[in-house]
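First comes the structure, then the notes that go with it.
These numbers were taken from a predicted model, which means no experiment stands behind them.
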Protein chains: 2
Amino acid sequence: MATNEAPDIVVGRLPIYLRALTIMAEEGQEITSSQELSKKLGISSAQIRKDLSHFGEFGKQGTGYEIAYLRDQLKRILHVERTWPVALVGYGDLGTALANYAGFAPKGFEIVAVFDSAQDKVGQQIAGKEVLDLTEFPAVVRERDIKVAIVAVPSSAAQEVAGILVESGIKAILNYAPINISVPAEVQVQYIDPAAHLQHMTYYLE
Amino acid sequence: MATNEAPDIVVGRLPIYLRALTIMAEEGQEITSSQELSKKLGISSAQIRKDLSHFGEFGKQGTGYEIAYLRDQLKRILHVERTWPVALVGYGDLGTALANYAGFAPKGFEIVAVFDSAQDKVGQQIAGKEVLDLTEFPAVVRERDIKVAIVAVPSSAAQEVAGILVESGIKAILNYAPINISVPAEVQVQYIDPAAHLQHMTYYLE
DNA sequence: TAGATTGTTAATCGATTAACAATC
DNA sequence: TAGATTGTTAATCGATTAACAATC
């Protein structure tokens with residue numbers, strides 16, 4: 001009994017399920033079960049079944065889930081049956097690593113444009129792309145209909161950059177700057193802050 | 001009324017609070033309130049007060065929180081009043097970015113050793129450190145009493161590397177490989193998977 | 001068929017919110 | 001004092017788990 005609105009916390013687990021299914025598929029496995037996924041992911045089998053039930057019925061009683069089928073369904077649900085063009089802002093060490101990162105393409109994302117405001121960086125080549133001046137951001141994003149952007153600039157510039165992205169029509173922002181940015185409610189934001197994760201863990205140490 | 005055991009989800013928010021307080025302190029602000037933090041972070045003021053109440057009483061009725069004091073208390077609770085030496089495994093693009101990342105030091109972490117198993121990488125210099133052979137990992141970690149490690153190797157190597165880390169006495173692992181690793185229960189693991197965050201957001205797009 | 005596993009319901013568990021006495 | 005804000009309690013809300021009928 002698939003409903004139309006799934007809790008955000010459930011949506012956040014779908015990429016984890018998709019990741020596991022993709023790995024199993026690559027290993028040639030064809031069938032799995034909520035129990036096997038549970039063991040691999042450390043998430044209870046009941047929760048996995050409940051999570052999936054928000055979106056439809058994908059398994060067979062007594063058998064489990066056909067991996068290729070469930071993987072395709074999750075891709076469809078997450079809207080990554082397509083490839084999303086992504087704009088990257090910030091061409092420092094992190095930006096360079098992200099521009100070279102091979103892990104985006106198989107997950108449905110391709111960095112198609114890199115921006116920085118430092119004039120000595122503008123014009124450089126990275127992974128087959130030219131680094132563009134940030135002032136060109138709105139035009140490029142509109143022209144190429146880019147909806148997703150990654151922010152890899154210093155914290156001090158993050159809010160200003162976020163404003164430019166939103167005004168240019170960006171709808172999803174992955175923010176690597178360790179600072180909260182404020183955007184309109186209809187714009188998605190996710191944060192990546194490695195130091196915060198480390199602090200979360202050191203709480204339990206010693 | 002501070003208790004001894006706080007929910008993990010609460011612990012996970014403390015670094016966010018600490019981050020905000022640190023920024024305010026840098027801006028010269030001396031006092032804040034749960035209401036102001038709420039507005040900055042998009043977390044309800046009641047939740048902020050409740051979260052903090054797990055660890056003690058840090059505020060003054062009618063006034064709010066002294067920023068420097070609360071910041072120091074959160075550092076103490078998260079065990080980052082000290083600096084943790086960190087071992088980084090994997091010297092690719094991502095490893096390079098992490099080794100150069102200036103954001104760890106002010107948060108209580110310092111990458112003191114970089115490891116890779118590729119012989120053409122071993123011996124290179126990065127941010128004042130020499131890239132060491134992974135085979136030296138156990139000895140270095142024991143000698144320097146390193147408890148925290150960052151994994152920035154390909155997925156295919158992540159589980160094997162994790163095994164080496166655990167055997168060497170590592171107690172907290174920040175894993176950038178987009179794969180679940182299995183470790184003993186007493187070892188902390190956190191994951192960073194940018195593609196998963198992007199997929200979480202594209203669910204809501206279109 | 002017998003065995004296994006789904007999808008779903010109901011119960012439990014835990015987290016968030018609302019409200020307010022205490023008090024700075 | 002009057003105004004503001006904490007820390008905490010109780011209520012609400014939501015997520016997870018347990019259990020099992022359905023069924024492959």
Side-chain angles (χ1 to χ4, degrees), chain A residues 1-18 20-21 24 29-74 77 200 203, chain B residues 1-18 20-21 24 29-74 77 200 203:
Chain A
M1 200 180 300
T3 67
N4 242 355
E5 356 156 11
D8 183 67
I9 196 164
V10 172
V11 175
R13 282 192 291 263
L14 298 187
I16 310 301
Y17 300 154
L18 176 54
L21 292 165
M24 291 190 224
Q29 196 177 336
E30 293 185 352
I31 299 284
T32 188
S33 66
S34 60
Q35 210 170 21
E36 187 187 30
L37 284 166
S38 171
K39 225 184 121 200
K40 277 206 168 37
L41 301 176
I43 296 173
S44 82
S45 63
Q47 180 162 87
I48 292 170
R49 294 199 302 280
K50 186 116 224 292
D51 283 355
L52 296 177
S53 76
H54 285 97
F55 307 97
E57 305 186 359
F58 306 111
K60 269 204 188 74
Q61 283 105 326
T63 308
Y65 301 93
E66 205 199 315
I67 289 171
Y69 176 72
L70 181 53
R71 184 198 57 196
D72 288 349
Q73 292 302 305
L74 289 179
I77 292 162
H200 186 163
Y203 171 82
Chain B
M1 200 181 298
T3 68
N4 242 354
E5 356 154 13
D8 183 66
I9 196 164
V10 172
V11 176
R13 281 192 292 262
L14 298 187
I16 309 301
Y17 300 153
L18 175 53
L21 292 165
M24 289 191 227
Q29 196 177 335
E30 294 185 353
I31 299 284
T32 188
S33 66
S34 59
Q35 208 169 22
E36 187 187 31
L37 284 165
S38 171
K39 223 183 123 201
K40 277 206 168 34
L41 301 176
I43 297 172
S44 82
S45 63
Q47 179 162 87
I48 293 169
R49 293 198 303 277
K50 187 114 220 292
D51 284 355
L52 296 176
S53 76
H54 286 96
F55 307 97
E57 305 188 359
F58 307 111
K60 269 206 187 74
Q61 283 104 323
T63 307
Y65 302 93
E66 206 200 314
I67 289 172
Y69 176 73
L70 181 54
R71 185 198 57 197
D72 288 349
Q73 291 303 305
L74 289 179
I77 292 163
H200 186 162
Y203 171 82

Using whole Å, what does the distance between atom C1' of nucleotide D/dC24 and atom CD of A/Glu66 come to? 14 Å
The side chain of A/Arg49 lies closest to which of these nucleotides: D/dT6, C/dA18, C/dG7? C/dG7
side-chain N/O B/Thr63 vs C/dC24 OP1/OP2, d < 4.0 Å: no
Side chain of A/Glu57 (C-beta onward), nearest among D/dT6, C/dG7, C/dT16: C/dG7
Please state how far atom CD1 in A/Ile48 lies from atom P in D/dA18, giving the value in whole angstrom units. 14 Å
Length of the NZ-P vector between A/Lys50 and D/dC20, whole Å: 18 Å
Closest heavy-atom pair, A/Ile43 versus A/Ser38, reported as atoms and distance to 0.1 Å, is O-OG, 2.7 Å
Within this structure, what is the CG-to-P distance between A/Leu52 and C/dT5, rounded to whole angstrom? 16 Å
Of all the nucleotides listed (C/dA15, D/dA15, C/dT6), which has the minimum atom distance to the side chain of A/Pro7? D/dA15
Indicate whether OP1 or OP2 belonging to D/dT16 is found under 4.0 Å from a side-chain N or O atom of A/Arg13. yes
Under 4.0 Å between a side-chain N/O of B/Tyr65 and OP1 or OP2 of D/dG7, yes or no? yes
Indicate yes or no for a side-chain donor-acceptor contact from B/Gln29 to the backbone of B/Ile31 under 3.5 Å, with no hydrogens or angles considered. yes
note: A/Lys39, atom NZ; C/dT5, atom C1'; distance rounded to Å ~ 17 Å
Base, sugar-phosphate alone, or nothing: which one does B/Ser34 contact when heavy atoms must sit under 4.0 Å apart? sugar-phosphate
CD1 on A/Ile9 to CG on A/Asp51, rounded to 0.5 Å: 9.0 Å
Using Watson-Crick or G-U wobble geometry with both distances under 3.5 Å, which nucleotide pairs with C/dT17? D/dA10
Assign each of A/Gly62 and B/Phe58 the nucleotide of DNA chain D bearing its closest heavy atom; nearer the 5' end lies the nucleotide of B/Phe58
Closest to the side chain of A/Lys60, out of D/dG7, C/dA18, D/dC24, is D/dC24
Would you indicate which nucleotide in C/dT6, D/dT17, D/dT5 comes nearest to any side-chain atom of A/Gln47? D/dT17
OP1, OP2 of D/dA22 versus side-chain N and O of A/Gln61: anything below 4.0 Å? no
Watson-Crick/G-U partner (both atom distances under 3.5 Å) of D/dT23: C/dA4
Measuring to OP1 and OP2 of C/dT16, would you say a side-chain N or O of B/Ser44 lies under 4.0 angstrom away? no
Round to a whole Å and report the spacing from CG of B/Leu70 to P of D/dT5. 16 Å
CZ (A/Arg49) and OG (A/Ser44) are apart, to the nearest 0.5 Å, by 8.0 Å
For A/Tyr17 and A/Gln47, which heavy atoms make the closest approach, and how far apart are they? OH-O, 4.3 Å
May I have the distance from B/Asp8 (atom CG) to C/dT16 (atom P), rounded to whole angstrom? 12 Å
How long is the gap from OH on A/Tyr203 to CZ on B/Phe55, to the nearest 0.5 Å? 4.5 Å
Counting side-chain heavy atoms from CB outward, which of D/dT8, C/dT16, C/dC24 is closest to B/Ser53? D/dT8
B/Leu41 has an atom CG; how far is it from atom C1' of C/dT16, in whole Å? 16 Å
Winner on side-chain proximity to B/Gln35, out of D/dT5, D/dT6, D/dC20, is D/dT5
